[in-house]
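Only one structure is covered here, and it is reproduced in the block below.
Here, residue 1 is the first one in the sequence, and each next residue gets the next number.
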Amino acid sequence: MAELQAESEPLLGRAHGGRGRDSPPSGLSAFSSIQVGPGAMARQDLCINQAVVFIEDAVQYRSIYHRMDARSMWLYRWYYSNLCQRTLSFTIFLILFLAFIETPSSLTRTADVRYRSPPWEPPCGLTEAVELLCLLVFVADVSVKGYLVGWSQFQKNLWLLAYLTVLAVSLVDWAVSLSLLCQEPLRLRRLLRPFFLLQNSSMMKKTLKCIRWSLPDMASVGLLLAIHLCLFTMLGMLLFTVGEKDAEPNRERLAYFRSLPEALTSLLVLLTTANNPDVMIPAYSKNRAYAIFFIVFTLIGSLFLMNLLTAIIYNQFRGYLMKSLQTSLLRRRLGTRAAYEVLSSMPGQAGATPEAIGVKPQNFLQVLQKVQMSHSHKQALMEKVRSYNDVLLSIDEFQKLFDELDKSVIKEHPPRPQYQSPFLRTAQVFFGHQYFDYLGNVIALSNLVSICVFLVLDADVLPGNRDDFVLGILDCIYILYYVLELLLKVFALGLWGYLSYPSNVCDGLLTSILLVLEISTLAVYGFPHPRWKPETLGLLSLWDMTRLVNMLIVFRFLRIVPNMKPMAMVVSTVLGLIQNLRAFGGILVVVYYVFAIIGISMFRGTIVAPLGNSSLAPANGSASCGSFEQLEYWANNFDDFAAALVTLWNVMVVNNWQVILDAYERYVGPWSKIYFVLWWLVSSVIWVNLFLALLLENFLHRWDPRSHEQPPAGTSEATYQMSEELMFRDILEEPGDEELMEKLRRHPHLWLCR
């Protein structure tokens with residue numbers, strides 16, 4: 001009990017002196033350099049383990065505000081182990097994936113209502129059992145989190161409270177489903193499933209916070225857009241009306257301005273330019289002056305207000321990356337400072353005088369042995385610590401050591417094999433030279449050109465009338481060269497040297513697949529000869545095998561990317577952005593999921609196939625030109641989860657989305673437009689602009705000239721490549737000592753050893 005009481009005291013209680021609230025509790029005395037015995041050793045082990053947890057928190061940018069007793073730290077490290085975190089991630093994926101299998105099932109070949117066969121529906125209780133297992137994992141997850149942070153912190157954490165509420169509602173809804181034998185009209189818990197993805201990602205939480213900050217400015221521009229839209233709608237209703245002297249009806253009014261809701265919808269679609277110039281043609285054909293109305297509307301709405309919205313969102317997100325990196329730096333400094341305070345307070349840590357406070361390198365090495373981090377970073381840190389010998393590490397030296405975490409070691413390629421023969425050494429130099437790669441690129445380009453030529457020549461030729469003799473011979477020759485090139489590179493670089501280049505791994509894998517496919521083709525269909533059109537044997541015909549080979553050859557042409565520096569720089573930048581864009585991708589998944597479930601609940605079964613006709617012919621007069629039926633958009637429905645996702649994607653792209661709006665207005669009712677307009681606002685207006693803002697922010701920082709400066713060859717920095725944190729370290733503001741100490745004093749679960 002004394003130990004638990006001590007661990008509940010605030011951190012740095014010694015700093016205030018006396019026996020007040022921040023002083024060690026009765027029954028526990030402060031340790032000094034002369035303490036010995038089992039109790040002192042136990043406290044020393046506890047301090048070592050606390051420092052280990054703090055450093056792991058710093059490495060992973062985690063919060064340090066959690067329980068720090070021995071059992072809690074064991075549970076904490078086990079919770080953040082790879083096994084537990086991967087299990088939790090798989091559980092989140094599994095419960096989200098259930099939407100494809102449970103009723104209405106997406107397990108059909110097509111989403112077209114005319115050709116779709118009845119899907120396999122899982123029996124009641126099958127998906128519910130899997131869902132219950134996932135929910136129990138989440139119950140264990142929130143229980144562990146709640147225990148680790150403590151009840152007082154749990155009550156203040158809105159995300160954990162929401163997590164508990166969502167779980168409670170989901171379990172109640174699950175019980176209701178089973179009691180109704182899975183025949184309930186609405187499953188509320190399906191709408192709540194994306195929350196499990198949100199709460200598990202700190203980056204997604206930060207992104208949501210930034211979106212919340214941007215909402216007021218976005219709302220102001222949205223209000224301007226609404227005023228602009230309403231104003232021109234009223235002008236259009238007044239402009240395109242039927243006059244007393246008009247001998248024929250106004251086609252513009254009949255088609256697009258028949259009523260106020262129709263006029264509003266037409267101009268809203270014109271705001272996305274999806275129906276331009278269709279919406280203008282009837283009036284423009286009558287009088288060319290009418291074009292001014294539509295041009296002015298498009299200039300103000302699409303080219304000014306929509307781009308102004310992009311600029312405002314970008315301005316709000318200009319500091320998004322820097323704020324994220326600043327928060328990460330604060331968490332790292334806080335974790336390392338907490339580890340320093342714990343280690344410097346260990347029994348026997350002080351020197352001959354009370355002022356001699358620091359961390360013994362031996363104790364720090366003992367901590368590093370237990371810390372879970374990358375092997376290269378651990379070795380670099382341990383080498384730096386050993387260089388101090390027995391000199392106590394000051395706080396500045398201790399913090400500076402962790403700059404090694406911001407560096408990633410550049411992988412060194414294995415040495416090339418040594419050959420005794422002068423001829424072999426000469427061949428090794430030739431085949432290992434960069435010009436040999438250029439030759440391979442030229443050969444790959446010629447292969448790609450040959451495929452393009454045959455695609456053009458055979459564009460109008462049926463597969464049964466094609467002569468694949470020439471193309472088959474060329475494929476054999478090119479694949480033989482690719483195999484020869486692979487073997488020669490292995491000869492020049494060695495097997496491990498060849499595999500140390502990612503481009504070679506991809507190239508070698510594709511070449512091996514091409515070789516297997518070519519051997520299979522020759523074994524099944526024989527060697528190419530004139531009028532080579534054998535009957536289909538096995539799973540794939542000769543034409544299918546040829547197409548597969550040529551698709552892999554086209555994909556293999558991407559090998560030129562590493563050899564073109566500007567292109568390689570762009571590709572590396574895009575790949576580097578993926579980590580920062582994962583949060584936005586996750587939010588898009590959440591939004592898609594929620595809108596798809598809502599769409600299924602509202603529109604499932606509303607799109608039905610035409611009676612007595614499997615397909616509407618173009619000559620069918622019942623379908624007007626450009627309508628949902630005439631364009632055969634039957635697959636754009638909400639009859640299952642996969643079809644709903646594709647339909648939402650088509651609306652987000654806004655190409656011909658007015659066709660979908662019109663169809664659902666006719667099949668369901670005019671209120672359906674609210675759903676699609678809301679989806680357009682969330683996805684195409686807000687999310688796409690946020691995505692663009694973050695993309696620009698990342699590109700501007702990554703393409704900063706300072707980020708491409710290379711350290712001098714031969715220096716220790718030349719073996720490292722900078723991470724984002726180190727790249728922008730001169731821009732980021734280092735947390736002050738007072739700020740760190742103030743945050744450390746708020747730690748509710750730790751009492752220092754001294």
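For the residue pair Thr103 / Glu121, a side-chain donor-acceptor distance below 3.5 Å is found, with atom types taken as modelled. Using modelled atom types and a 3.5 Å distance limit, the side chains of Gln372 and Asn82 yield no donor-acceptor pair. For the 3.5 Å distance criterion, the side chains of Arg193 and Ser170 fail to qualify, holding no donor opposite an acceptor. Between the side chains of Tyr76 and Asp57, a donor-acceptor pair is found at a separation under 3.5 Å.
Closest heavy-atom contact between Leu181 and Cys124: C-SG, 3.5 Å. Nearest heavy atoms, Val385 versus Leu401: CG2-CD1, 3.8 Å. The minimum heavy-atom distance between Ser63 and Arg331, with the atom names listed, is N-NH1, 3.6 Å. Heavy atoms only, all atoms of each residue included: Met68 and Gln50 are closest at O-NE2, 3.2 Å. The two atoms that bring Val505 and Leu499 nearest to each other are CG2-O, 3.3 Å, heavy atoms only.
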For this session: Kindly determine whether Asp173 and Arg190 satisfy salt bridge (charged side-chain N to carboxylate O under 4.0 Å, His left out), including the steps that lead there.
Result: CA-CA 10 Å; Asp173 191 61; Arg190 297 182 72 182; over 6 Å; no
Exercise. Going through the distances and angles, do Phe641 and Glu102 end up as a side-chain contact (heavy atoms from CB on, under 4.5 Å)?
Worked result: CA-CA 9 Å; Phe641 188 73; Glu102 60 191 3; over 6 Å; no
Exercise. Should Arg187 and Glu128 be marked as a salt bridge (charged side-chain N to carboxylate O under 4.0 Å, His left out) after you check the CA-CA gap, both sets of side-chain angles, and the distance that decides it?
Worked result: CA-CA 12 Å; Arg187 296 185 180 182; Glu128 285 74 16; 3.2 Å; yes
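Separating the CG atom in Leu330 from the NZ atom in Lys743 is a distance of 5.5 Å, to the nearest 0.5 Å. Atoms CH2 and CG, on Trp120 and Leu107 in that order, are 7.0 Å from each other to the nearest 0.5 Å. In this structure, CE on Met373 lies 6.5 Å from CZ on Phe402, to the nearest 0.5 angstrom. Interatomic distance, CE of Met382 versus OG of Ser387, reported as 12.5 Å (0.5 Å rounding).
At distances below 3.5 Å, not a single donor-acceptor pair connects side-chain atoms of Asn389 with backbone N or O atoms of Val391. Looking only at distances, a side-chain donor or acceptor of Glu397 sits under 3.5 Å from a matching main-chain atom of Ser394. At distances below 3.5 Å, not a single donor-acceptor pair connects side-chain atoms of Ser89 with backbone N or O atoms of Arg86. In this structure, Tyr593 contributes its side chain and Leu96 its backbone to a donor-acceptor pair below 3.5 Å. Not one N or O on the side chain of Gln153 forms a donor-acceptor pair closer than 3.5 Å with the backbone of His66.
With respect to Lys145 and Asp141, a salt bridge is recorded, a charged nitrogen being found less than 4.0 Å from a carboxylate O. The existence of a salt bridge linking Asp390 and Lys360 is excluded, since no basic side-chain nitrogen approaches an acidic carboxylate oxygen closer than 4.0 Å. Between Glu383 and Lys378 no salt bridge is recorded (no basic side-chain N to carboxylate O distance below 4.0 Å).
Phe398 and Phe364 have tilted rings, their planes meeting at an angle from 30° to 60° on a 0 to 90° scale. Tyr163 and Phe195 have tilted rings, their planes meeting at an angle from 30° to 60° on a 0 to 90° scale. Aromatic ring orientation, Phe100 versus Phe97: tilted (interplanar angle from 30° to 60°). Using cut-offs of 30° and 60° on the angle between ring planes, the pair Phe154 and Trp151 is parallel.
Cation-pi geometry between Arg67 and Tyr147 is met: the NZ or CZ atom falls under 6.0 Å from the ring centre, inside 45° of the normal. Judged by a 6.0 Å distance limit and a 45° cone about the ring axis, Arg62 is positioned over the six-membered ring of Tyr80.
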